[in-house]
Visitor: 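Following this message is one structure expressed as structure tokens.
Each chain gets a letter, A, B and so on, in the order its sequence line appears, and its residues count up from 1.
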Number of protein chains: 2
Amino acid sequence: MPVDGEPPVPSSPRKRADARRNERVLLDAAAEVFVTSGVEAPVRDIATKAGVGMGTIYRHFPTRADLIIAVYRHQVDACAEAGPALLANNESPYDALSQWIDLFVDFLVTKHGLAGVMRSDHAGFEALHAYFLDRLVPVCAQLLKAAARTDEVRADVDALELMRGVGNLCVSIGDDSHYDPRRMVGLLIAGLRQQPQSS
Amino acid sequence: MPVDGEPPVPSSPRKRADARRNERVLLDAAAEVFVTSGVEAPVRDIATKAGVGMGTIYRHFPTRADLIIAVYRHQVDACAEAGPALLANNESPYDALSQWIDLFVDFLVTKHGLAGVMRSDHAGFEALHAYFLDRLVPVCAQLLKAAARTDEVRADVDALELMRGVGNLCVSIGDDSHYDPRRMVGLLIAGLRQQPQSS
DNA sequence: GAACATACGGAGCGTTGTTCCGTTTCGCAA
DNA sequence: TTGCGAAACGGAACAACGCTCCGTATGTTC
């Protein structure tokens, strides 16, 4: 009996070759469709683009959120890992926080519709939501706590709440050039600063 | 020939009695369904509740947004009219602005799902969007300009943009008790303040 | 190459928004 | 009162969508 040397990370039992290939094809097709039609593109479109049937999509990614997660996992992870690095490279934790938020905002606004789906109350997106939050909230909390410790920001703001607020600010409507998520988030983060001492 | 003493406000030509009655019934039913199921409730539900057919709804309110507008028109108008009053009754325009935003936020968060639909990119909601903005943005602009004139807030913020930001912050997800739109909007408005003079 | 598990495809179901048109009802006038 | 045309009604029907299900095809293994 051959010893199974695989680390526990990947899809545990050996998968058939065509299945593995289709997973890649799907991921690529989805990524492509997402940039042209947004993350809310019809599942059928993705299946067509990938040249597979509906069933194949749903077998690989039981819910649409799982597909989105898979497509963006790398970028989310990169964002999460940037947090501690920024904290180490900045004298001011507030600056680190601010830069990290910029990173997060860049990620959201460049993925057409991602922010919109994050706030979605549509059923089936809990997994997406949970993944993003699980991965990013702790990082945000760390940055926030550091900035609170140096009295640069208020201490009464919750990381989860802040992330939600930033996410909400990043949903943009159509092609309105008057609305700039980055500026609005900038305002929010500015509002976070500790007021020196008001009465 | 009888003089038409009607003000120019209501639906211009005389409508049939049953049509007028149904419009009222629909408005009431819609308002009721909106509070229980949110503004995204299926049109069929509203029709059923009102005891009318689908066709009747769409004849009175060509798009769903028109129905929502009709239901909330009074409250939007009240909010718009509160702006100048607040400006007159407050020494600080910033306080007036802040209180007006509170009013607006209260309106949004008490209407389950309204904020969500405001930011919607779904087709057919342009009318709703336009109505809200047409009615409220000028008021906001007035308050903002007054506050900018007294150097209480930055001068580089657009009223439309601010309204969008506030609206976005007000969409809440499910029943999450961790997210308080009012607090987030508070941060945003705090961020609006003119920094005394940073380098 | 035979046999079995695995994976595939797409027809089909349920749910929504919206349209369309045959039927009913209203309002007015003879 | 009765008759008639216009106005309004109701709900069947269509389209678009997410998701499921199962008969078929294809790897994989011996």
Visitor: Enumerate, atom names and distances included, each donor-acceptor pair closer than 3.5 Å involving a side-chain atom of residues 179-186 of chain A, sequence neighbours excluded.
Guide:
{"unit_1": "A:Y179", "atom_1": "OH", "unit_2": "A:L169", "atom_2": "O", "d": "2.7"}
{"unit_1": "A:Y179", "atom_1": "OH", "unit_2": "B:N168", "atom_2": "ND2", "d": "3.2"}
{"unit_1": "A:D180", "atom_1": "OD1", "unit_2": "A:R182", "atom_2": "N", "d": "3.0"}
{"unit_1": "A:R182", "atom_1": "NH1", "unit_2": "A:D106", "atom_2": "OD1", "d": "2.1"}
{"unit_1": "A:R183", "atom_1": "NE", "unit_2": "B:E161", "atom_2": "OE1", "d": "3.1"}
{"unit_1": "A:R183", "atom_1": "NE", "unit_2": "B:E161", "atom_2": "OE2", "d": "3.3"}
{"unit_1": "A:R183", "atom_1": "NH2", "unit_2": "B:E161", "atom_2": "OE1", "d": "3.2"}
{"unit_1": "A:R183", "atom_1": "NH2", "unit_2": "B:E161", "atom_2": "OE2", "d": "3.4"}

Visitor: Using the side-chain hydrogen bond (donor to acceptor under 3.5 Å, both in side chains) criterion, which residues pair with A:T63? Sequence neighbours excluded.
Guide: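 If we apply the side-chain hydrogen bond (donor to acceptor under 3.5 Å, both in side chains) test to A:T63, skipping adjacent residues, there are no hits.
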Visitor: Send over the distance from A:I57 CD1 to C:dG10 C1', rounded to a whole Å.
Guide: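 Going from CD1 in A:I57 over to C1' in C:dG10 covers 13 Å.
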Visitor: Between B:S98 (side chain) and B:Y94 (backbone), is there a donor-acceptor pair under 3.5 Å?
Guide: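 Not confirmed, B:S98 side chain does not pair with B:Y94 backbone.
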Visitor: Give a yes/no on whether any side-chain N or O of B:Y58 is located under 4.0 angstrom from OP1 or OP2 of C:dT18.
Guide: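 True: B:Y58 side-chain N/O within range (under 4.0 Å) of C:dT18 OP1/OP2.
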Visitor: Considering residues at least two apart in sequence or located in another chain, which fulfil the side-chain contact (heavy atoms from CB on, under 4.5 Å) criterion with A:A127?
Guide: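 Listed in chain order: A:A65, A:D66, A:I69.
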Visitor: With sequence neighbours excluded, tell me which residues meet side-chain hydrogen bond (donor to acceptor under 3.5 Å, both in side chains) with B:R135.
Guide: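 Partners of B:R135 under the side-chain hydrogen bond (donor to acceptor under 3.5 Å, both in side chains) test: B:D77.
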Visitor: Could you tell me whether the phosphate oxygens of D:dC17, OP1 or OP2, come under 4.0 Å of any side-chain nitrogen or oxygen in A:R44?
Guide: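 Indeed not, no polar side-chain atom of A:R44 lies that close.
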Visitor: Working to the nearest 0.5 Å, report the span between CG of A:D45 and CD of A:E40.
Guide: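 Going from CG on A:D45 over to CD on A:E40, the span is 13.0 Å.
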Visitor: Output one letter per nucleotide in nucleotides 22-30 of chain D: B when a protein non-hydrogen atom lies under 4.0 Å from the base, S when only the sugar-phosphate is that close, - when neither is.
Guide: ----BSS--
Visitor: Flag this pair as yes if the NZ/CZ of A:R64 is under 6.0 angstrom from the six-membered ring centre of A:F125 and inside a 45 degree cone about the axis; otherwise no.
Guide: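 No - A:R64 does not lie over the ring of A:F125 by the 6.0 Å and 45° rule.
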Visitor: Look at the side-chain N and O atoms of A:T56 and state whether any lies under 4.0 Å from the OP1 or OP2 oxygen of C:dA7.
Guide: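 So the side-chain polar atoms of A:T56 never come under 4.0 Å of the phosphate oxygens OP1 or OP2 of C:dA7.
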Visitor: Taking only residues two or more places apart in sequence, or in another chain, which ones meet B:D95 in a side-chain contact (heavy atoms from CB on, under 4.5 Å)?
Guide: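 By the side-chain contact (heavy atoms from CB on, under 4.5 Å) rule, B:D95 matches B:N90, B:S92, B:Q99.
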Visitor: Among residues at least two apart in sequence or on other chains, which ones pass side-chain contact (heavy atoms from CB on, under 4.5 Å) with B:S37?
Guide: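 side-chain contact (heavy atoms from CB on, under 4.5 Å) check on B:S37 returns B:V33, B:A41.
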Visitor: Does anything in residues 26-37 of chain A come within less than 4.0 Å of DNA chain C? Heavy atoms only, and list the residues if so.
Guide: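 When residues 26-37 of chain A is checked for heavy atoms under 4.0 Å from DNA chain C, there are no hits whatsoever.
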Visitor: Could you check whether A:K15 pairs with A:E23 (Lys NZ or Arg NE/NH1/NH2 to Asp/Glu carboxylate O, under 4.0 Å)?
Guide: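 A:E23 and A:K15: salt-bridged.
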Visitor: Please enumerate all residues that pass side-chain hydrogen bond (donor to acceptor under 3.5 Å, both in side chains) together with A:Q142, with sequence neighbours excluded.
Guide: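 For A:Q142 there are no side-chain hydrogen bond (donor to acceptor under 3.5 Å, both in side chains) partners, ignoring immediate neighbours.
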Visitor: At what distance, to the nearest 0.5 angstrom, does CZ of A:F104 lie from SG of A:C170?
Guide: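 Going from CZ on A:F104 over to SG on A:C170, the span is 7.0 Å.
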Visitor: Under 3.5 Å for both distances, Watson-Crick or G-U wobble, that's the pair rule; now give the dot-bracket for DNA chain C, with | marking pairs to another strand and [ ] for crossing ones.
Guide: ||||||||||||||||||||||||||||||
Visitor: For residues 47-55 of chain B, which residues have at least one heavy atom under 4.0 Å from DNA chain D?
Guide: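 Those residues are B:G51, B:V52, B:G53, B:M54, B:G55.
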Visitor: What pairs with B:E81 under side-chain hydrogen bond (donor to acceptor under 3.5 Å, both in side chains), at least two apart in sequence or on another chain?
Guide: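 None.
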Visitor: Starting at CG of B:D45 and ending at P of C:dT15, how long is that distance when rounded to a whole Å?
Guide: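 In whole Å, C:dT15 P and B:D45 CG are 12 Å from each other.
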Visitor: On the nucleotide D:dC9, are OP1 or OP2 found under 4.0 Å from the side-chain N or O atoms that B:N22 carries?
Guide: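 Checking B:N22 against D:dC9: at least one side-chain N or O falls below 4.0 Å of OP1 or OP2.
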Visitor: At less than 4.0 Å, is any side-chain N or O atom of A:H60 found next to OP1 or OP2 of C:dA7? Yes or no.
Guide: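 For C:dA7, neither OP1 nor OP2 has a side-chain N or O of A:H60 closer than 4.0 Å.
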Visitor: Measure from CD1 on A:I46 to P on C:dC8 and round the result to the nearest Å.
Guide: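 Distance, rounded to whole Å: 16 Å.
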